[in-house]
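Quick note on labels: first sequence line is chain A, next is B, and so on, each numbered from 1.
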Protein chains: 4
Amino acid sequence: MSNAKGPDHSRRKERSRQAILSAARSLVAEQAYDKVTVEAIAARAGVGKQTIYRRWPSRSAVVFAAVLALSEGADGQSVALPDTGDLESDLKLVMRATAEEFADPSFDRLLRALNTEIANDAELAAEYREKLARPLDEAKKARLRSAQEAGQLDPDADLDLVLEVLYAPLFQRWLHRGGPLTPAYADALVDATLRAFGPARP
Amino acid sequence: MSNAKGPDHSRRKERSRQAILSAARSLVAEQAYDKVTVEAIAARAGVGKQTIYRRWPSRSAVVFAAVLALSEGADGQSVALPDTGDLESDLKLVMRATAEEFADPSFDRLLRALNTEIANDAELAAEYREKLARPLDEAKKARLRSAQEAGQLDPDADLDLVLEVLYAPLFQRWLHRGGPLTPAYADALVDATLRAFGPARP
Amino acid sequence: MSNAKGPDHSRRKERSRQAILSAARSLVAEQAYDKVTVEAIAARAGVGKQTIYRRWPSRSAVVFAAVLALSEGADGQSVALPDTGDLESDLKLVMRATAEEFADPSFDRLLRALNTEIANDAELAAEYREKLARPLDEAKKARLRSAQEAGQLDPDADLDLVLEVLYAPLFQRWLHRGGPLTPAYADALVDATLRAFGPARP
Amino acid sequence: MSNAKGPDHSRRKERSRQAILSAARSLVAEQAYDKVTVEAIAARAGVGKQTIYRRWPSRSAVVFAAVLALSEGADGQSVALPDTGDLESDLKLVMRATAEEFADPSFDRLLRALNTEIANDAELAAEYREKLARPLDEAKKARLRSAQEAGQLDPDADLDLVLEVLYAPLFQRWLHRGGPLTPAYADALVDATLRAFGPARP
DNA sequence: TTCTAATCGAGACGGTACGTCTTGTCTTGTT
DNA sequence: AACAAGACAAGACGTACCGTCTCGATTAGAA
């Protein structure tokens, strides 16, 4: 698994790194975000504060890295969307699952923490888009392209726009607690998106 | 409207209240949000900290009230959308204006602060929806209803959903700094929304 | 006791001040000096660290003030040396008592802490001489002057020098743990001093 | 000079040892003692911290060893006091020289550091007495014994006590910055000591 | 000469305390 | 009686060192 650098060298570093990220994740998932202090992370990880500050410049960065690490190791396969040939039902499946995910309190807290940091730090936002959002979006766009080829989607549609129309309403409703994220709501978003970008256009 | 206490009494209250909200607003507009401390607000307002804590339970609440106060005094008229009879051009006008607003750094900081507080405080979120979002949404829905009557919009469309499909992508792109908020982008959102909820449905 | 300023004003201030000094004193008396941290003092005093830093610039200053406070309130009377008319026996009494004091571990630790701070801080040393050493020295010199008048001491003797010759050997032996501080040793110092500065000089 | 280990082997050891002691000495002579950290010593010596901890248990011990090393290599001769046959003038010469030494800021800092460590560490104090103080005291006592034989000093005088009466006042005045260490002061101490322990006793 | 074992410099590590900052409460005059 | 001013207990901040541990890179002598 490890290469030239040697496994022994990185062991201690890696162990403390994992301990920190794991501690950060569990704290964020458990409690109000303003209780997630660097000291609390260090204490739970069994690590000195300096070991955190040596690697990351701020709590934001640690928390971000902790969330990021969750999706690392995931290969292209694992984020690929289902492709049964029926775009509508595939999208409804995914959207319902996404809506359900938001209902998990731990995931909710994790994601709110992430969004809080991202919203107030342009650099972190860029890293977020690059490392987290883009891979997921690319997987989704792959499915949409397949639909375009199958004639189920306007071949000229701007796929980034399609994704936004599909997901942003769900995201906003969750962020602002604007209403329940029901399966029916998920379906309605898919329906609206397909009406907007479907094939039958005059 | 004034009660037994007398006008002189409440006038002092009101003056300090305005000073606090105005100080909060200017601080939020000026600098990074984590520099906007209760102490900084009190100092700029020339007010004791207790005078702030006597009225609001936390910094979040003060900042929220400060933003809220911006839109107070606005009557139903002033938030009404234009209605030229042409839904598409009316919406494009509004969406382009909205996109432009986000470009103002002060407004940007103000709105990010607001969203940060809202995202992490369910009560504040409820107050936000009630006092800020709903009135604006109602004004927008009034315009949409007018369009439904004019046959420019599906009479069965869920107007809340329409608004989300229209606005959420813009909001999300701004929040995550996902791309430039150009007039063309504003137009594209209107077009997509009208395709999704326009009158011509099979 | 209290004057114009009003007793209510100083109550809280005074209470926390006393708590800090008392905590510092007990910690210094109890344990190795490098365990006497500002945090430990604050914790034992039930006080925030800032309350300490608001009044004193460093641990040294707090510890010094704590020791200083011990001898405050002592009026001129209480530090006066006995005067039976017999200088030799009066001095031996005092020197034996002094030697005995050094044997108390609490007093030993307290005095070592004080000397450590004084030796490394010229300002503190000046304050020490002014507020602690001088009043004591004046009391001792008063006794010596009485002896000069009684013809038991060279009327031309430099009393500061007399005091140094009398006390410095005891101090140095204690500081460097150079030997036991026995009554016989105390007596020998008095004898030597009286031989050096007694009346019978050719 | 070299032992079983072999000269080449110990040469590296010796070089780093000297670098550490020299770095410690120069740091102590230059700046406030609380800036003299093990890390600073290691950095200036160009040595890893472990190389220091491998040899000494604490900063105190290093600093002590650094000061100690200053007087090593000095044979019995070099610390011998002058003996012109005139005790008074010999002692005044030495006392004046000693007083002058204290005026050198580097020496002052060095000696304050040494005294700080000694005062708070009984083991170090013992080593100090054994390795530093005793050889010097023996040299002084040799001169005093010579004076006893010459009838210039009470043959029954306790020479340790004589040394204390002679030196402790100077030491104390220096440690507490109790006044200027003038030649006149040095002379006065010699005079007082000789009056106390001189030959003419009734 | 090549190998082996010790020692070194460098510096990361888990900790502790530093001195500063802010929180939300409490106290003290002022007006 | 409400206010500004700011002290207070609490506790997190980010930094500096502590004394320990780990890592290669020199280095000897030993093979």
Calculate the interatomic distance between [X] atom [atom1] and [N] atom [atom2]; express it in whole Å.
| X | N | atom1 | atom2 | value |
| --- | --- | --- | --- | --- |
| C/Arg15 | F/dA7 | CZ | P | 17 Å |
| A/Ile20 | E/dG14 | CD1 | C1' | 11 Å |
| C/Lys49 | E/dC18 | NZ | P | 6 Å |
| D/Gln18 | E/dC8 | CD | C1' | 17 Å |
| B/Asp34 | E/dT23 | CG | P | 11 Å |
| A/Tyr33 | F/dA12 | OH | P | 15 Å |
| A/Ile41 | F/dA12 | CD1 | P | 12 Å |
| D/Ile52 | E/dA10 | CD1 | P | 12 Å |

CD1-CD distance between A/Ile118 and A/Glu123, expressed to the nearest 0.5 angstrom: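 Taking CD1 in A/Ile118 and CD in A/Glu123, the distance rounds to 13.5 Å.
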Trace of the side chain to side chain contact (heavy atoms under 4.5 Å, CB included) decision for D/Thr51 with D/Arg54: CA-CA 5 Å; D/Thr51 304; D/Arg54 212 174 287 127; 3.8 Å; yes
N or O in side chain of C/Thr51 less than 4.0 angstrom from F/dA7 OP1/OP2: no
Minimum-distance nucleotide (side-chain atoms of [X] versus [options]):
| X | options | answer |
| --- | --- | --- |
| C/Tyr53 | F/dT15, F/dC18, E/dC18 | E/dC18 |
| B/Val38 | E/dC18, E/dG24, F/dA4 | E/dG24 |
| D/Gln50 | F/dC21, F/dC8, F/dC13 | F/dC21 |
| A/Glu39 | E/dT20, F/dC8, F/dG14 | F/dG14 |

Between D/Ser22 and D/Arg17: side-chain donor-acceptor atoms closer than 3.5 Å: no
Carboxylate-amine/guanidinium proximity below 4.0 Å for C/Arg44 and C/Glu30: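 Salt bridge flag = yes for C/Glu30 with C/Arg44.
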First of B/Lys35 and D/Gly48 reached from the 5' end of DNA chain E, by closest nucleotide: D/Gly48
Residue whose closest nucleotide on DNA chain E lies nearer the 5' end, B/Ala40 versus D/Ala45: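 Comparing both residues, the 5'-ward one is D/Ala45.
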Most 5' of B/Val47 and A/Arg54 on DNA chain F, judged by nearest nucleotide: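 Comparing both residues, the 5'-ward one is B/Val47.
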Of B/Arg55 and D/Thr37, the one whose closest DNA chain F nucleotide lies more 5': B/Arg55
With sequence neighbours excluded, residues passing salt bridge (charged side-chain N to carboxylate O under 4.0 Å, His left out) with B/Arg59: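 Partners of B/Arg59 by the salt bridge (charged side-chain N to carboxylate O under 4.0 Å, His left out) criterion, ordered by chain and then number, come out as B/Glu117.
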Touch class at under 4.0 angstrom, heavy-atom based, for C/Ser16 against every strand present: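 Sugar-phosphate contact only.
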Sugar-phosphate only, base, or nothing, as touched by A/Arg59 at under 4.0 Å among non-hydrogen atoms: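 If one applies the 4.0 Å heavy-atom cut-off, A/Arg59 turns out to touch nothing in the nucleic acid.
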